Amino acid sequence: MLRKTGFFFDELCFWHNMGSQHTFVFPVGGWIQPPCGAGHAESPETKRRMKSLMDVSSLSHSLELMSAEPIDEATLRLVHTESYLQRFKYLSDNGGGTLGSEASLGAGSYEIAKLSAGLTYAAVKAVLQGELDNAYSLSRPPGHHCLPDQAMGFCFLANISLAIEKAKEQLGLGRVAVVDWDVHHGNGTQHIFWQRDDVLTISLHQDRCYPAGYSGESDIGEGPGEGFNINIPLMAGAGHDSYMYAMDQVVMPALRRYQPELIIIACGYDANGFDPLARMQLHSDSFREMTCKMQQIADEFCHGKLVMVHEGGYSEAYVPFCGLAVMEELSGVRTEVTDPALAMLELQQPRAPFETLQRQAIDDLKQQLSL
Ligand SMILES: [Zn+2]
């Protein structure tokens, strides 16, 4: 089915600079040889190459390509503390520095982060107002690890949370569900909506990967938010079938029970089999199928309203193919591009007894959540 799909991006988001490190845990100097390539894992090239593949395959011609205004200062204060915002702006205005754990920035990153959040809000607004059927925001820097008063994990502003708060304030948005399939835990989004029942947060992530040591299956929210936060930790090495099982057994039933008005996906690609920052085995068809499932639920309850927001994904070579698959699925347009690594990754999928153990853990979680 063909849909009117928006793609929100801005070249300026690619100019945010994370500094000189190799991958991210290896600051250059001492025993760390300077990198010859992009260096930091969170490099703009991964995202730029996704957009490039969309262009050369002509998929971009079938999409509504748009930029947006930066998020406004008043909205920032709905989520973030004044002292954090001042610290962030001061560093950004004075050449950059380190704002938090895995959160170094260059000159001007404050304004770029506001633009990144603005792209997210513009995507949400256009879909809620019916100007688009669904949309994708190529937000950079990403947002799902960011806390109200603390940058972490390459995230400086809580893009999705900011967009939700502004849409609630200005557009009357009611129940909204955030499904986070970035391979790392969506700790920022969980924290911000921990005591709220008007936002259902679901995170699928590699068990104990990031934040290091975190699993979270018992963390279900508190007070009015109890039961409205779901964590699905998956074992390192989990592949396509485990993710699909988790989607079918937990994510989709939870969404059907909640009946949101809008679904937002924290769309990280770092669960793919080539990612340097995680150890999962997904491929482009995994992202295609997960998108299809989410669109199906959105069609059931939200008049199709689905917004994807870019988070992690650090394989320059492979993220473009996973991203293209998501965009093809959102828009209903299939290009002639074939994924050169698909057959290889399909042959590397785990099997019994791994699959059996993983399924058992998902079944246990399903029972625990009474789904
Ligand atoms: Zn991630």
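The basis for the numbers below is simple: all heavy atoms, side chains too, and nothing from hydrogens, waters or symmetry mates. Counting convention: from 1, in listed order, for ligands and their atoms alike. Being a predicted model, the structure only gives us computed values, none of them experimental.
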Applied to residues 50-62, the salt bridge (Lys or Arg N to Asp or Glu O under 4.0 Å) test, sequence neighbours excluded, yields Lys51-Asp55
Sequence neighbours excluded, the answer for ring-ring contact (aromatic ring centres under 6.0 Å, His included) partners of Phe301 is none
Report for the Zn ion (ligand 1), protein N, O or S closer than 2.8 Å, by chain and number, lists Asp182 OD1, Asp182 OD2, His184 ND1, Asp270 OD2
Exactly one candidate in Glu289, Gln281, Glu346 meets side-chain hydrogen bond (donor to acceptor under 3.5 Å, both in side chains) with His240; the answer is Glu289
If we ignore angles and hydrogens, is there a donor and acceptor under 3.5 Å between the side chains of Asp219 and Tyr214? yes
For residues 48-76, the ring pair (Phe, Tyr, Trp, His ring centres under 6.0 Å) pairs (sequence neighbours left out) are none
Ring-plane angle category for His310 and Tyr269, please: parallel below 30°, perpendicular beyond 60°, tilted otherwise. tilted
